[in-house]
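See below for the structure under consideration.
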Amino acid sequence: MAQQDLKESRIKKLNDLIGKKINPYPLKYDVTHKAAEIRDNFEKLEKAKVKIAGRLMLMRMHGKSGFGHVKDDSGKIQIYVALNFIGEEKLAFFKSLDIGDILGLEGEVFKTHTGEITVNVFDFTILSKSLLPLPEKWHGLSDVEVRYRQRYLDLIINEDVRESFKTRSRAIQLARSFLKEKGFLEVETPMMQPIYGGAYARPFITHHNALDMDLYLRIAPELYLKRLIVGGFEKVYELNRNFRNEGISTRHNPEFTMLELYQAYADYNDMMNICEDLVCYLVREIKGSLEIEYQGQKLSLNKPWKRIKYFDALQQFTGVDFSKIKDPEEARSEAKKMGFEPDPKASLWEIANILFEEKVETNLIQPTFIMDYPKELSPLAKQKPDDPELVERFEPYIGGREIGNAFSELNDPLEQRKRFEEQVEKRKQGNWEAHPMDMDFLTALEYGMPPTGGLGIGMDRIIMLLVDTNSIRDTILFPLLKPKAEEKGDGA
RNA sequence: GGGCCGCUAGCUCAGUUGGCAGAGCACCGCCCUUUUAAGGCGGGUGUCGAAGGUUCAAAUCCUUCGCGGCUCACCA
């Protein structure tokens, strides 16, 4: 039967209910037990009267009796409906139900001949009539496009998807409780910013009508969180969405969840410790062990994680010692030898960075901190005392993926101004990801910011590790997709 | 944005060399009071992603477009 006919047949049933003065969408139902509670406490609950509610997932009618499965958010439980317990009228009503209808049911807990814990239904109420058929009971829903566009169907049908998102929620809560325990204050800073900053990325632009002013959706909260450190908060964090106007991939969604934290009087070594502690805490709580399997690879998160200097890692995987190269042309010829064609305007360090991303990153499977980046690539980080061309910055890698970014924060306002000016110069040359000047932030630094360590962690990527998926879309309930042609321009 | 792959019934999928559009589940009708992918009998419900083109004939071949997946580019 075509979908339209399936729907019409259900609407007819709905109208029949209304004709019998049965409200197909009543207000509430008093639930006494969850499905899992009944299954887990059968000894205590045998012969007990229970009221459950959930979605009818399966029906097996046998003439004057029948079985069904009802699913609530704890799981599913079998129900038994028989003429001698429920009466002729209700049995006929039950037979007319559709899979997908939401019911409230009252009955007695028992075990069938085959040993399945079941509710023998004495009475039931329809709580919501479903008008569209659910995906098939055996093969379920596997079309990824439908799974993302109609996530509710994915959640109804695919138990593992449900579990993944429960794990996500738990990981976010654990991160908050970890930081609370460490004395961090959770704050909320603007998502709409007059000047964007804190990362290399292109922003989304929006417009405030009353002020007739363009605003940017934040690409990072960094510069606002540092203003709070200037303001005297010593440990702050924000765990919320960032927005970057870039390509979509298995590792990128335009909006993603970032944990960013700042601690006064700390440096990047302290940030490495917090990073290890936090990730290990999440992994241990959720996976039960620091030895985990991710996409077929065994990962060991035991502390301490490997620490490799940026140039050492480059040398290890490219065979070239970039710390000795002073001429961009020499770097370019090394890149060409490895089969890369850097942009003609690319600087020495930008060329090195291309090689780092191409040759090094995917090899960093076990947890690794890459430390001490070139200053030019890190305009918000503080120089190393013994080498002013390098900054105290690290990026943690797990499973070949960057999961964060951290520095000893630059708090010298005069140096920060120079760095911004260099960034502005890059923008003039067409690099739209370079940082714009932020005078207001510089003013804040001029009042004095204590030495500070800062750490950002891409939470979606941590959750990818925890739920063992290769696609960020499996960690985001509603990932961004293009609208289908027929959905475009309907006034949405 | 590039490359490769996919799009057929509500769902999961077949469809050969171009020759009447198929199956299972779901659904509809009938039978069945302990089943569990319940069972038995009967019923096919479709804009083959869209639009052009080739052909006597297109789900199938060609072109363009749409959406998705993987991957590359970029990042967290």
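Letters A, B, ... mirror the listed sequences (proteins, then strands); counts begin at 1.
Side-chain contact check for A:Ser74 and A:Glu37: no donor-acceptor pair (N or O, by modelled atom type) lies under 3.5 Å. At a cut-off of 3.5 Å, with distance as the only test, no side-chain donor of A:Asp267 or A:Ser408 sits close to an acceptor on the other residue. There is no side-chain donor-acceptor pair under 3.5 Å between A:Arg473 and A:Asn253.
Taking the six-membered ring wherever Trp is involved, the centroid distance between the rings of A:Tyr373 and A:Phe394 does not fall below 6.0 Å.
Positionally, the nearest nucleotide of RNA chain B for A:His69 lies more toward the 5' end than for the other of A:His69 and A:Tyr148.
Annotation: salt bridge (Lys or Arg N to Asp or Glu O under 4.0 Å) contacts involving residues 81-91 of chain A, sequence neighbours excluded, comprise A:Lys90-A:Asp123. Within the structure, every pair that satisfies the salt bridge (Lys or Arg N to Asp or Glu O under 4.0 Å) test and touches residues 248-260 of chain A, not counting sequence neighbours, is listed here: A:Arg241-A:Glu255.
Searching all strands for a Watson-Crick or G-U wobble partner of B:A57 with both distances below 3.5 Å returns nothing. Within the shown strands, nothing qualifies as a pairing partner of B:A37 under the Watson-Crick or G-U definition with both distances less than 3.5 Å. Here B:C7 sits opposite B:G66 as a Watson-Crick or G-U wobble pair (both hydrogen-bonding atom distances under 3.5 Å). B:C32 makes up no base pair with any nucleotide shown, lacking Watson-Crick or G-U wobble contacts both under 3.5 Å. Remark: B:G1 base-pairs with B:C72; criterion is Watson-Crick or G-U wobble with both hydrogen-bond distances under 3.5 Å.
Distance from the side chain of A:Glu136 is smallest for B:C11 among the nucleotides B:C11, B:U71, B:C13. With B:C75, B:A38, B:U33 as the choices, the nucleotide that has an atom nearest any side-chain atom of A:Glu361 turns out to be B:C75. Side-chain proximity of A:Leu141 to B:G68, B:A76, B:C11: nearest is B:C11.
You can call A:His113 stacked on the base of B:U34; the centres are under 5.5 Å apart and the planes sit within 30°. Stacking between A:Phe67 and B:A38 is absent: the ring centroid is not both under 5.5 Å from the six-membered base ring centre and under 30° in plane angle.
Non-hydrogen atoms lying under 4.0 Å from RNA chain B are contributed by A:Ser471, A:Ile472, A:Arg473, all within residues 471-478 of chain A.
A:Ser142 contributes no side-chain N or O that forms a donor-acceptor pair with the base of B:U12 under 3.5 Å. For a distance-only test at 3.5 Å, the side chain of A:His139 fails to qualify as a donor-acceptor partner of the base of B:C25. Residue-to-nucleotide contacts include no donor-acceptor pair under 3.5 Å from the side chain of A:Arg149 to the base of B:C67.
Between A:Lys482 and the phosphate of B:C65, there is no side-chain N or O to OP1/OP2 separation shorter than 4.0 Å. A close approach under 4.0 Å does occur between a side-chain nitrogen or oxygen of A:Asn470 and OP1 or OP2 of B:U71.
Salt-bridge formation is not detected for the pair A:Arg147/A:Glu145: no Lys NZ or Arg NE/NH1/NH2 atom is positioned less than 4.0 Å from an Asp or Glu carboxylate oxygen.
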